[in-house]
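What follows is a short report on a single structure.
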Amino acid sequence: MMRRLLAFSAVAAVASSLSLLATDELDVLNEAGGLDGLVKMKVKVAPAGVANLDDYYAKTAGDVATQMGCGPASRVFTPSGKKEAKSREWGFDRWYATDCGPELYAGGVHAGLNTAEARRAANKVRGAGAAAALEKARVAPQGAGSAIGSLDVLEPGFSIELTYVEGSEDWRGGAAEISAVVGDRRELSGAPDDAMWAQMTNCETIDCEGAWAAHPEGGVAEVVVQVLDTGLDLSHEEHQVNIWEGPDCDGDGSDSDANGFVDDCHGYNHADDVGSKKGDPDGNLVGNGGAPSHGTHCGGTIAASRNNELGIAGLAGGDAGAGGIRLMTSVGFGKSNTGGFADAIKYGADAGAWISSNSWGYTSPGVIDQSVQEAIDWFNAEARDGKGGIVVFAAGNSDSDGQYFPGCLDTVVGVAATDDDDKRTSFSNYGDWIDISAPGFNVLSTYIGGGNAGQGYQKWSGTSFSCPTISGMIAVCWSANNALGRQDVLDCLYTTAKNIDDVQDSAYKGKMGAGQVNGGKFVECCANGAPSPKPTISPAPTKAPTSSAPTVTPNPTPYGCGPCDNKIQIAVTTDKYPSEIEWKLKFKDADEGAKCRHGPSMAKGGPYSKQYATFTDTVKNVCDGVAYELEMTDVFGDGLCCLEGDGAMQVTTEDAEAADGVAYLAGPYKGSPATGNAECGEHHEGACKGGAWGSGFATSFTVERKATHPPSVSPHPTAAPVEVCYGDADRIGDGNCDDAVGADSDDKDLYNNEACGWDGGDCCKCTCEGLECGGRAGRNYARCKDPAWVDKNGKDYRCDGSTAPPSPAPAPTAFDERATFLNEHLIGISWYPSVAVMAWQVKEDDAPAGEFTLELKDVSNGGSWQSVAIAVKPRTNDGWYTWTGIGDSVPHKDPLPSSFPFDCSTNYLARFRRGDAKSNKIAIRTPYCPGDCVDSESWYFNKAYKDCHWLEGRIVNGANLDRLCSKTNTDAISAYKACPAACDKCGQTYDTYGDQDAYF
């Protein structure tokens, strides 16, 4: 990600100087209230021989503070006891801060400032002091041996704010004063008994019940979530069983556990630098920040007790008052001061937090405190005893696509806000940097105060409340499966998210991250283990020379079923509860299915997201004459019928001979035999079972091809099969392995080198970049830096720039000088449907079309040239001949004029013949067979997690395929090329004519 960090950093090339931000940029920041009056610095590693590192770093920082006219320098990160040695390895002991702004209030920096406007006005006054101090640093000596010259980083402190919207709806007064409207259906489906459950409308949007169904305990004590905010009201009725307790709860005023923090029983107030005794009787863990309840509200969303007949149900609050995850309280917005955020995040990791939830951000875009970045990196790496944690941040409420840190860091989960209809709220930030979305409008949660102490509830809005929703869901995920790694959890989170682009205004499509968090699918993914790892390409075997004649490879064993190029449509019409419905498809006889070359392209579908709607899934690679079993499931057990409206299902396939073009393999079924209202559509044959299958219903079907057609070219025995590569092992896509030139070739240094991607001589020498470069015949020829140098005849060319590019041969000027065949090329080929189109020109003005034949050589499996009879279309006015081969998967009534003589995942050489004249050879790589189509392991766009696997999850969940797969990485490689499986291009290839990169 490209970003502009407004900070002062040491220039690596000039160790004795600092690169300072322009004065006018500092002024702009301060005018917006973006500076908080502090200046932070990181001292360079001490020279060899320094006896006491702490004294050296403290003195250096103190000297810098004095030069700038600021207050005493103090460490940013508290010495961390037994973890201090590793902290020093990370350089945390070299971070110092000094206060350069005037003290405005006797009680502290922000004492009594209860509005954002008042705090920003105060920051402008204090920020002016920091800006003036940095101007002094600009003119101070920075050479070797000077104090400022001994710094790695010198940066201003940036203003921080809570990310809530003031003026939210008030629900104060206690649980007893708010009516609970819990319908019979919710009681039947296992909804919690919390008094205000019906008012928690956001939960239906993100399928909280599905998350709890996947993990009924709803949280375990082992999982700890740090809430870095305004603190937590430990007296609240919903926060009695899920509060974290550390080892230092004796309240004796000492650091009993030697972690650097005194009396941090339930957490620590980093802003005001005070701890908390057991139960927090002094209220040290409740700060201000203009919204004292802000942290309590966030904490309630994460871990309020569930099923305790009180106010609300926290996402990870456990079940029936038994306790769920544990909340660790860190205060960054104190009663008197705001600060300590970097120290707090590191504290969370060291104290045992798995997740850090942060509903705050910087007031100005494009700025971040580098010490906060380093603390986040520490949490990601060192939390969970070194296994790594997850840091979640609110995206901010500026209605902007600007880069608001820390939420837009690649190393955190940045959360945007939606309403209950999945639409972006009017205030939420948006952009390519957003990771995921969650409800942030009128979120009901716990609140300090109300009619009865400890019983307050309010509805608040802001990305502040989207953030704890994600933190809480992640906590449920890890509770369901604590063996998952950090990346496993994120993979599940992003790939199961619900696509919400369709409901966004055009300006926000594709800018709400992976989509809306989908609690049921997310936690189910976690409980079942992370998404399956992507296949890797095995290295090519070593090729050893042989002195004896090669042996003949026998014909492969034929597969035991017919062609597998059919497709079926499975249509489900939902009732009132679409999220209960799923289907699974498999071979009825597993042993019989094992004989088939391909399995169905989809093995399951659902659950669904919309009521009374028809969802149709197309399943490809269905084999002829093999029985399949479709199992439909309704998790609630009442099927698609009756009291909640009738649903239906059916399975069809294309049938050109049928009046409506389809044949019905199963169904249509509607209604329920149990209630006597089962119905079958007019096309149904056999017993009617109805669409209400209860907890489980299976039906069998077989696809029988209506007519048979001439078979494809049979495989033939071969001597010494030729090794063929694909994917990352063949970046040009010609079937030759990337090391095919060989170590003894004259071209090995000119073409087959790292700069050219080791592509075996097809690159434009040392000048091309990207996964698929290609020579003059390559489809990416136009992307080469020096396309005039692609001529392979220039053997004397050297990559040092001393050799001029070869001059291309002059083009023929007369028609008679041309070869018999010209311009032969493959227009396109696809596996489903099975179609190939090729075109060529010849010298004669009007050669009879019937005189042409196609010759093929199977490079993958070996063998000689084979002649294929083809039906060629007559010559066009501009001299072109074309041939189209059509496979059995294409619906047709008349006999095929030309069969489809190719197999999938196979490399061929092709040429056309007319009498004794032969065309140039064309390299054809047919589309992948299912299972052979491999996505790149290294490609991603914008953020590292947005890789092929992430794309596949988004697309499966309904995201716009073309928009996502058009994304490119920094090398301008599109997802269509790097992620063929995810982008559904395994059955298609590029149009290689004219470098159009179009798909056939």
Side-chain angles (χ1 to χ4, degrees), residues 203-220 222-223 225 302 315-316 324-325 354-355 384 387-390 392 413 415 422 435-439 469-500 512-535 578-585 602-609 617 633 635 935 940 943-959 964 979 981-982:
C203 251
E204 185 175 354
T205 303
I206 59 173
D207 192 18
C208 296
E209 291 183 62
W212 297 327
H215 179 62
E217 294 89 343
V220 297
E222 178 186 10
V223 177
V225 180
I302 297 170
L315 293 172
I325 63 96
W354 294 38
I355 302 152
R384 296 195 308 136
K387 294 192 288 285
I390 294 174
V392 185
V413 179
V415 189
D422 297 330
D435 293 306
I436 199 163
S437 298
T469 298
I470 297 300
S471 298
M473 280 296 186
I474 293 175
V476 180
C477 162
W478 249 327
S479 295
N481 187 350
N482 64 9
L484 293 177
R486 176 182 183 274
Q487 192 58 50
D488 295 333
V489 173
L490 295 177
D491 285 346
C492 280
L493 176 65
Y494 298 139
T495 58
T496 60
K498 178 173 62 174
N499 176 42
I500 57 176
M512 298 298 286
Q516 184 81 277
V517 62
N518 189 329
K521 287 187 176 181
F522 173 38
V523 179
E524 181 181 355
C525 175
C526 299
N528 294 334
S532 301
K534 292 167 283 187
S579 62
E580 299 173 350
I581 305 162
E582 297 181 358
W583 59 260
K584 295 180 180 179
L585 180 65
M602 289 182 65
K604 60 182 180 179
Y608 302 98
S609 58
D617 291 303
T633 303
V635 296
D935 287 343
Y940 67 89
K943 290 191 175 184
Y945 74 82
K946 292 184 177 180
D947 56 9
C948 296
H949 184 60
W950 178 83
L951 279 175
E952 183 178 20
R954 293 291 318 281
I955 293 166
V956 167
N957 283 283
L964 282 177
C979 313

Quiz prompt | Closest approach of V489 to F522 (non-hydrogen atoms, all atoms of both residues) | solution = O-CE1, 3.6 Å
Quiz prompt | Taking every non-hydrogen atom, the tightest pair across P439 and Q516 | solution = CD-OE1, 3.5 Å
Quiz prompt | D488 side-chain N/O to G485 backbone N/O, donor-acceptor pair under 3.5 Å | solution = yes
Quiz item: Quick one: CE on M473 to OG1 on T496, what's the gap to the nearest 0.5 Å?
Solution: 9.5 Å
Quiz item: Can D435 and K943 be said to form a salt bridge (charged side-chain N to carboxylate O under 4.0 Å, His left out), step by step?
Solution: CA-CA 9 Å; D435 293 306; K943 290 191 175 184; 3.3 Å; yes
Quiz item: Do E952 and T495 come close enough that some side-chain heavy atom pair is under 4.5 Å?
Solution: no
Quiz prompt | Residue pair Y494 / L951, side-chain heavy-atom distance below 4.5 Å | solution = no
Quiz item: Would you call K521 and D207 a salt bridge, taking side-chain N to carboxylate O under 4.0 Å as the test?
Solution: no
Practice problem: Might you work through the disulfide bond (SG atoms under 2.5 Å apart) test for C477 and C526, ending with a clear yes or no? | Solution: CA-CA 5 Å; C477 162; C526 299; 2.1 Å; yes
Exercise. Identify the heavy atoms of N482 and W354 that sit nearest to each other, and give their distance.
Key: CB-CH2, 3.8 Å
Practice problem: Name all residues meeting the side-chain contact (heavy atoms from CB on, under 4.5 Å) criterion together with V476; count only those two or more places apart in sequence or in a different chain, and write none if there are none. | Solution: H215, A316, V523
Quiz item: How would you list, by chain and number, every residue that makes a side-chain contact (heavy atoms from CB on, under 4.5 Å) with A981, sequence neighbours excluded?
Solution: C933, D935, C986
Quiz item: How many angstroms lie between CG in D422 and OG in S437, if you round to the nearest 0.5 Å?
Solution: 9.0 Å
Practice problem: Starting at CD of E524, measure out to CG of N481 and round the result to the nearest 0.5 Å. | Solution: 13.0 Å
Quiz item: Considering only heavy atoms from C-beta outward, does the side chain of I470 approach that of V517 to under 4.5 Å?
Solution: yes
Quiz prompt | Side chain proximity check, S479 to E222, heavy atoms < 4.5 angstrom | solution = no
Self-check item: Nearest heavy-atom neighbours spanning W478 and R486
Solution: CZ2-CA, 4.1 Å
Self-check item: Reported CG-to-OG1 distance for the pair N518 and T205, which is rounded to 0.5 angstrom
Solution: 11.0 Å
Practice problem: Please report the shortest heavy-atom distance between I500 and M512, naming the atom on each side. | Solution: CD1-CB, 4.2 Å
Self-check item: pair V413-V415: side-chain heavy atoms closer than 4.5 Å
Solution: yes
Self-check item: Shortest non-hydrogen contact from A982 toward C948
Solution: CB-O, 3.6 Å
Quiz item: Side chains of I206 and T469: does their closest heavy-atom pair fall under 4.5 Å?
Solution: yes
Quiz item: Among L315, V225, I390, I302, which residue meets the side chain to side chain contact (heavy atoms under 4.5 Å, CB included) test with I474?
Solution: I390
